[in-house]
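Naming: A, B, ... by sequence-line order, numbering from 1 per chain. The model shown is predicted, which means the values in this text are computed figures rather than measured ones.
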Amino acid sequence: MNGKHITKLGFQGPAIGLALSAAVRREAAGLSRSDILDELRAVQAEPQAYTAGGVYAELAAQLLSSRGAAQAPASAELRPSPLPYGVWGAELIDQGARDQMDMAMRLPISRAGALMPDAHVGYGLPIGGVLATEDAVIPYGVGVDIGCSMMLSVLPLAPGDLNTEEARSLLLRHTRFGAGVGFEKRDRHDHPVLHESTWREQPLLRHLFDKAEAQIGSSGSGNHFVEFGTFTLTERDPELGGGELDAGEYLAVLSHSGSRGFGAQVAGHFTGVAQKRWPALDKAAQKLAWLPLGSEEGESYWQAMNLAGRYALANHDLIHARLARALGVRPLVQVQNSHNLAWKQQVGGRELIVHRKGATPAEAGRLGLIPGSMADPGYLVRGRGNAGALQSASHGAGRQLGRKAAERTLAKKDVQAYLKDRGITLIGGGIDEAPQAYKRIEDVIARQRDLVDLVGEFRPRVVRMDTGHEDV
DNA sequence: ATGTAC
């Protein structure tokens with residue numbers, strides 16, 4: 001098997017090398033030359049069927065992205081039909097989210113995409129959507145809560161070392177919830193992110209600094225939470241604490257938080273700028289308006305987005321530091337990951353902008369956190385670097401019922417019974433965040449075993465959330 | 001998700 005056989009099939013550019021190395025591996029596995037050529041023709045004919053894994057995944061991803069480039073018009077004109085993309089757990093995903101992803105894959109700047117099993121409808125790109133674009137960033141491809149993220153601290157304490165009442169009072173004292181909520185001046189905590197010069201580099205950032213300073217270390221509203229629970233490590237993991245953490249059960253803190261009012265205003269501002277930039281863009285795609293990287297607006301968004309990403313992680317840092325300090329301990333290990341952000345990433349040999357809107361980065365070996373609901377387990381996972389999923393996984397269980405539908409259909413007593421069955425103590429929390437409003441996390445995890453491996457499990461015990469429209 | 005209000 002050599003390069004000539006490959007080029008004769010019509011492979012071009014970086015695809016030649018990828019096809020050749022796959023062919024060599026198949027040869028080593030004992031296949032005949034004609035069988036391998038048949039396989040390569042099949043990959044060529046239908047690359048989307050091979051992106052999920054196996055020897056041909058990288059080649060398939062490369063073919064898909066180069067075809068995207070060949071088809072890309074240089075204007076706001078949409079493709080007549082969406083580029084193909086991988087879907088994990090299709091039977092768990094509603095048609096509305098599929099339609100939104102189809103629309104995203106018709107953008108002229110789109111090159112590759114994937115839909116995670118927790119996907120549901122959002123603004124523009126669906127939550128659970130992963131989209132790779134070329135030289136452009138889509139504010140609503142990242143979402144309103146820029147840098148929304150997860151953090152886990154495993155503490156040097158046994159689960160029984162903290163009783164429910166103490167956990168409740170620590171959460172009440174050291175966390176702040178609610179839209180618009182920040183800290184009073186005397187309770188504020190400092191963080192290096194507030195001292196970055198970036199804040200002075202854009203009028204918008206200068207304007208938002210005071211709000212950011214007041215709200216740092218707070219949790220906000222909606223699906224955000226801070227909780228104490230039991231973390232179970234199945235076996236030592238080389239990626240976790242350098243492989244030093246013993247298997248067993250620990251008291252742990254898990255939080256879900258974002259970039260608060262600061263990130264929301266950055267998102268709102270640049271979404272407006274992007275939509276004005278493409279007045280001729282099809283109305284149905286308006287919320288997917290993009291900013292070219294290299295343009296002043298595009299670079300400004302990129303800078304503000306990344307600052308909001310660091311700010312969101314700083315929120316977690318302060319929350320965990322305050323709780324650990326109150327307990328008089330230092331965490332044994334900490335893990336954090338953003339799940340609403342865009343990254344520059346190599347896809348099929350090219351640098352693309354990978355938007356993850358409610359999707360966990362899952363490069364090979366990278367740790368991430370996938371929470372369930374206020375009463376269901378969350379998982380510490382290790383990425384498998386699946387090329388077809390653009391190295392991503394779900395960011396949670398995903399909504400099954402919209403907020404209004406949950407308030408309409410779920411009964412308070414059923415939610416209370418669900419919590420009681422699992423021994424959960426809840427502070428705040430609205431009916432719209434009820435466990436029954438979410439897909440079963442076990443189902444969602446089962447659909448992505450080719451995207452992540454499970455490293456540990458977190459079972460919530462005392463949970464704080466914002467108070468919804470209707471309390472539980 | 002945010003906390004203002006085509």
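- For A:Arg260, a side-chain nitrogen or oxygen approaches OP1 or OP2 of B:dT2 to under 4.0 Å.
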Sequence neighbours left out, cut at 3.5 Å: what donor-acceptor pairs do the side chains of residues 356-368 of chain A make with other protein atoms?
{"residue": "A:Arg356", "atom": "NE", "partner": "A:Ser392", "partner atom": "OG", "Å": "2.7"}
{"residue": "A:Arg356", "atom": "NH2", "partner": "A:Gln345", "partner atom": "OE1", "Å": "2.8"}
{"residue": "A:Arg356", "atom": "NH2", "partner": "A:Leu390", "partner atom": "O", "Å": "2.9"}
{"residue": "A:Arg356", "atom": "NH2", "partner": "A:Gln391", "partner atom": "O", "Å": "3.1"}
{"residue": "A:Lys357", "atom": "NZ", "partner": "A:Tyr123", "partner atom": "O", "Å": "2.4"}
{"residue": "A:Lys357", "atom": "NZ", "partner": "A:Leu125", "partner atom": "O", "Å": "2.8"}
{"residue": "A:Lys357", "atom": "NZ", "partner": "A:Tyr140", "partner atom": "O", "Å": "3.1"}
{"residue": "A:Thr360", "atom": "OG1", "partner": "A:Ser394", "partner atom": "O", "Å": "2.6"}
{"residue": "A:Glu363", "atom": "OE1", "partner": "A:Arg366", "partner atom": "NH1", "Å": "3.3"}

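- Using a 4.0 Å heavy-atom cutoff across all strands shown, A:Gly258 reaches no nucleic acid atom at all.
- In this structure, the CD atom of A:Gln286 is 17 Å from the P atom of B:dC6, given to the nearest Å.
- Between A:Arg176 and A:Asp187, at least one side-chain N (NZ, or NE/NH1/NH2) sits under 4.0 Å from a carboxylate O, which counts as a salt bridge.
- At whole-Å resolution of the value, NE2 in A:His207 and P in B:dT4 are 10 Å apart.
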Which pairs would a plain distance check flag for residues 163-174 of chain A, meaning a side-chain donor or acceptor within less than 3.5 Å of a matching protein atom at least two apart in sequence or in another chain?
{"residue": "A:Asn163", "atom": "OD1", "partner": "A:Glu165", "partner atom": "N", "Å": "3.0"}
{"residue": "A:Asn163", "atom": "OD1", "partner": "A:Glu166", "partner atom": "N", "Å": "2.8"}
{"residue": "A:Glu166", "atom": "OE1", "partner": "A:Asn163", "partner atom": "N", "Å": "3.2"}

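- For the contact set between residues 142-151 of chain A and DNA chain B, defined by any heavy atom under 4.0 Å, the members are A:Val144, A:Asp145.
- A:Asn315 places its CG atom 15 Å from the P atom of B:dA1, with the value rounded to the nearest Å.
- A:Phe270 places its CZ atom 18 Å from the C1' atom of B:dA1, with the value rounded to the nearest Å.
- For residues 379-434 of chain A, every residue pair satisfying the ring-ring contact (aromatic ring centres under 6.0 Å, His included) rule, not counting sequence neighbours, is listed here: A:His339-A:His395.
- The separation between A:Lys276 atom NZ and B:dC6 atom C1' is 13 Å, rounded to whole Å.
- Look at A:Ser221 and you'll find a side-chain N or O under 4.0 angstrom from OP1 or OP2 of B:dT2.
- Every residue meeting the side-chain contact (heavy atoms from CB on, under 4.5 Å) condition with A:Thr230, not counting sequence neighbours, appears here in chain and number order: A:Pro159, A:Thr232, A:Glu249, A:Arg461.
- Listed by chain and number, the residues in a ring pair (Phe, Tyr, Trp, His ring centres under 6.0 Å) with A:Phe177 amount to none (sequence neighbours excluded).
- Looking at heavy-atom distances under 4.0 Å, A:Tyr123 makes contact with a base.
- Heavy atoms only, all atoms of each residue included: A:His355 and A:Gly141 are closest at CB-O, 3.5 Å.
- The NE2-C1' distance, from A:His256 to B:dT2, rounds to 14 Å in whole Å.
- What separates CZ of A:Phe177 from P of B:dA1 is a distance of 12 Å, to the nearest Å.
- When rounded to the nearest whole Å, the span between CZ of A:Arg403 and P of B:dT2 equals 10 Å.
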